[in-house]
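If you read the sequence from its start, that first residue is 1, and numbering goes on from there.
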Amino acid sequence: MSETSDSQSQDKPAPRDDEAAQEQERAQVWERLLAEVASLPALPGVYRYFDARGEVLYVGKARDLKKRVSSYFHKNHGGSRIGYMVSRITRMETTVVRSEAEALLLENNLIKTLNPRYNILFRDDKSYPYLKLSTQTFPRMSYYRGAVDRKHRYFGPYPNAWAVKETIQLMQKVFLIRTCEDAVFKNRSRPCLLYQIKRCSGPCVDFISQEDYAAGVAQAERFLLGEPEVVLQDLQDRMMAHADRLEYEKAAEIRNQIKSLSAVLHQQSVETVMDKDVDVLAVKVQGGRACVNLAMVRGGRHLGDRAHFPVHVQDHVLSPDDEDDTPSASTDAMPADELVQATEIRVLEAFLAQHYIGGAMPSMLILSHPVDPALIEALGEQGGRKITVVLQPREQRRAWLDMAIKGAELSLARLLSEEGSQQSRTRALVEALNLDLDFEGREAGLSSDAADSMATDAGASTTDGKTASESTAVPREEEVAEADGGAAVQTPRDPLASLRIECFDISHTAGEATQASCVVYEQHKMQPSQYRRYNIADITPGDDYAAMKQVLERRYSAAGLKAARLPDLVLIDGGKGQVAMARDVFQALGLPLSIIVGVEKGEGRKVGLEELVFADGRPKLQLSPSSAALMLVAQIRDEAHRFAITGMRAKRASVRTGGSRLEDIAGVGPKRRAKLLQRFGGVRGVASASVEELASVEGISRELAEEIYRALR
């Protein structure tokens, strides 16, 4: 025994030796960083910090790189989050620029592309929509989302799709501008229903001259640019001219246009003013969360607002990284209201930079908080126009700002309430199922292959092979939650935030196009970016048990677990049969049976009467229909069902229409393929279309149209 112990001690260094080696390595890294800081120039620039895994921790700008970066390494940050970030820095990069404005632009371009962990980040994958007027003989008016060009006229951006569609309906009613697709417009032999209900002037069948149609388009453009009074006066002049020439029918048509336009202007919930394009921004910080509410005024009309929720705000609430070169200045002496206001200013500045750099920007901003003038100047230089900032608005502008502030408060309160409710559901499920959230203990009970896969994928390994629980140098990945739209910032000691649930469902139509779905619940919310679909093959059509066996084997084999750690709970949409199949798979893989739970439909398949079936022999559990735990289970199960059905339908449609022919063409993704199939009614219609007709589809360039034409011939 003593020889074995000696042999093991020689093969594996003592823990103290490992700690000493880590300290020595850290000291060498720190010495190298200090030498790099000492050589930095006293010039404007941008700096980036990286950790041992090469991930970006923070991106910042500075008027004086040497002074700014030195403040991170020559001050005691204590146990703050900035201090924790500094302790993880192993490498830094700097870029010298000519001015602070250039530093600002570069900083925010890097923030958008690198997504640093300790920067305030606004994540909004949806671009703002526009109203588009094409440049044709008879221009078409349409809803548009994407990059704008100079070929057509674009009005906006609008805060949401509803605002665009409402404006299009107004343009149809007042100015009778067409909205039909070009392929439909070219092939009409008689007017459509829109002409019959007086929402179009019928240019497709020459019911209106090109000159009269162009006049209507010009009036619509003036209205969209914020000149409704000019449009009304022009209509009145035309009406009187027709009346003088005894053309009473045409005069009556224009009279109806004036009546419709006047009614619309009168019905505006917010009266129009001289301001044409204005953005109103209000920010609110509470409970470690923040909301920036953006209200848009276009053409003098208030079109609505949209709330934005950033992530990583808590880092800046605890230790605001002020531009006075004191990134970790103590905030103990700062009153709470001043600290909140400083944080709100920082959040608003981050939004202005990330939202407007590289995007459309109006000439006037109404803000709830003062921001750095250098930021506004840089945005103006980037947009090629002078930006006017109003901080103490009056009259109608004051009403707009008050509405934006109230909207920010309500949106933030709703977010905090929803997050609290979702956390209570998570807690209720953990208590109802008596889940063991001791990840280390559960991992120890797995087979060696599964445990290794879990440790690797969870991102909990350090350079010396320790898990996150064994080393204080690297935290668990769940310390800060990052999700689309601004997920809650969690504390490192919240085990509920780390609870991971995966749910599976099988979908097919009489055995055709069988697909399995896997959805993920983590950080108290669904995680769509981690959803997966699995095409099921080599089984008897309609055999749901075989399909479930196949997807579980693929998901939880050693190779499958490299993409995601083993969840704490696996939900199966099914009863005893499906659970028995899952039990066989887990036994073969050496995984714990206690995490398998089947969701069996209750009597009459009524919602709220579901029963939970366990793979480890525990009796069935029926929760109260009003149970928060059952609500969470139903939410996850329903999401898995929805995800499976949509995937199955898409696959079935592809098989039936021959969509794979389009899939093989480079540059034709799901969205473009759907637009092509919708426009031409199927692959046969696409194949018979000319290059010009293909190029008329939104998103299809001339070059791509030629490629599609050649590929389908």
Side-chain angles (χ1 to χ4, degrees), residues 435-461 465 467-468 476-478 498-508 513-522 526-541 543-574 576-599 613-617 636-637 639-640 643-644 647-648 651:
L435 295 178
D436 180 12
L437 298 185
D438 182 6
F439 301 106
E440 301 165 24
R442 183 165 55 77
E443 289 178 15
L446 301 179
S447 64
S448 58
D449 290 341
D452 291 342
S453 299
M454 288 172 56
T456 300
D457 181 70
S461 296
T467 63
R476 294 187 63 89
E477 288 300 321
E478 294 82 6
S498 302
L499 176 69
R500 182 182 180 89
I501 302 175
E502 295 185 357
C503 183
F504 294 85
D505 189 24
I506 306 296
S507 183
H508 59 81
T514 302
Q515 276 203 347
S517 69
C518 173
V519 300
V520 178
Y521 178 87
E522 196 172 22
M526 304 305 299
Q527 301 290 340
S529 62
Q530 300 184 44
Y531 290 6
R532 295 293 181 269
R533 289 192 180 101
Y534 296 84
N535 292 321
I536 304 301
D538 302 325
I539 65 170
T540 302
D543 189 346
D544 288 352
Y545 294 157
M548 183 63 70
K549 179 177 184 294
Q550 184 177 132
V551 66
L552 292 177
E553 288 176 341
R554 291 166 61 181
R555 180 70 173 180
Y556 297 122
S557 64
L561 280 177
K562 290 181 181 179
R565 72 171 176 88
L566 187 71
D568 308 293
L569 185 65
V570 176
L571 294 179
I572 306 295
D573 185 19
K576 291 182 179 180
Q578 296 281 27
V579 171
M581 185 62 67
R583 182 176 58 244
D584 294 342
V585 173
F586 272 47
Q587 285 178 336
L589 296 175
L591 302 177
L593 303 181
S594 59
I595 65 174
I596 303 174
V597 177
V599 185
V613 183
F614 300 95
D616 58 0
I636 300 172
R637 188 271 316 273
E639 178 67 358
F643 192 59
M648 178 272 296
K651 181 181 178 181

Basic-acidic side-chain contact under 4.0 Å: E502, R500: yes
Value rounded to 0.5 Å, distance of CZ in F614 from CZ in R583: 13.5 Å
Lys NZ or Arg CZ of R554 over Y534 ring: under 6.0 Å, within 45°: no
Backbone of I536 reached by a side-chain donor or acceptor of T514 within 3.5 Å: no
From CA spacing to verdict: ring pair (Phe, Tyr, Trp, His ring centres under 6.0 Å), Y531, F504: CA-CA 10 Å; Y531 290 6; F504 294 85; over 10 Å; no
Gap separating the NZ atom of K549 from the CE atom of M581, nearest 0.5 angstrom: 7.0 Å
Residue pair D505 / A640: nearest heavy atoms and the distance that separates them: CB-O, 3.9 Å
Rounded distance [0.5 Å steps], CZ in R533 versus OG in S517: 8.0 Å
Side-chain touch R555/C518, heavy atoms, less than 4.5 angstrom: yes
Approximate separation, where rounding is to 0.5 Å, of F586 CZ and I595 CD1: 4.5 Å
Worked verdict on Q578 versus D573 for side chain to side chain contact (heavy atoms under 4.5 Å, CB included): CA-CA 8 Å; Q578 296 281 27; D573 185 19; over 6 Å; no
pair I501-P567: side-chain heavy atoms closer than 4.5 Å: no
I506 to A516 - nearest heavy-atom pair and separation: CD1-CB, 3.5 Å
Flag for Q515-N535: side-chain donor and acceptor within less than 3.5 Å: yes
Steps toward side chain to side chain contact (heavy atoms under 4.5 Å, CB included) verdict (D568, L435): CA-CA 8 Å; D568 308 293; L435 295 178; 5.6 Å; no
Note, V570 side chain near Y556 side chain (heavy atom, < 4.5 Å): yes
Heavy-atom closest contact (P592 atom, L566 atom, distance): CD-CD2, 4.1 Å
Contacts of A582 that satisfy side chain to side chain contact (heavy atoms under 4.5 Å, CB included) - sequence neighbours left out: L552, I572, I596
Set of side chain to side chain contact (heavy atoms under 4.5 Å, CB included) partners for D543, sequence neighbours left out: T540, Y545, A546
Distance in Å, D584 CG paired with E553 CD, rounded so as to fall on 0.5 Å steps: 10.0 Å
Criterion side chain to side chain contact (heavy atoms under 4.5 Å, CB included) on L569 and V597, from CA distance to verdict: CA-CA 7 Å; L569 185 65; V597 177; 3.4 Å; yes
Side-chain touch E522/L499, heavy atoms, less than 4.5 angstrom: no
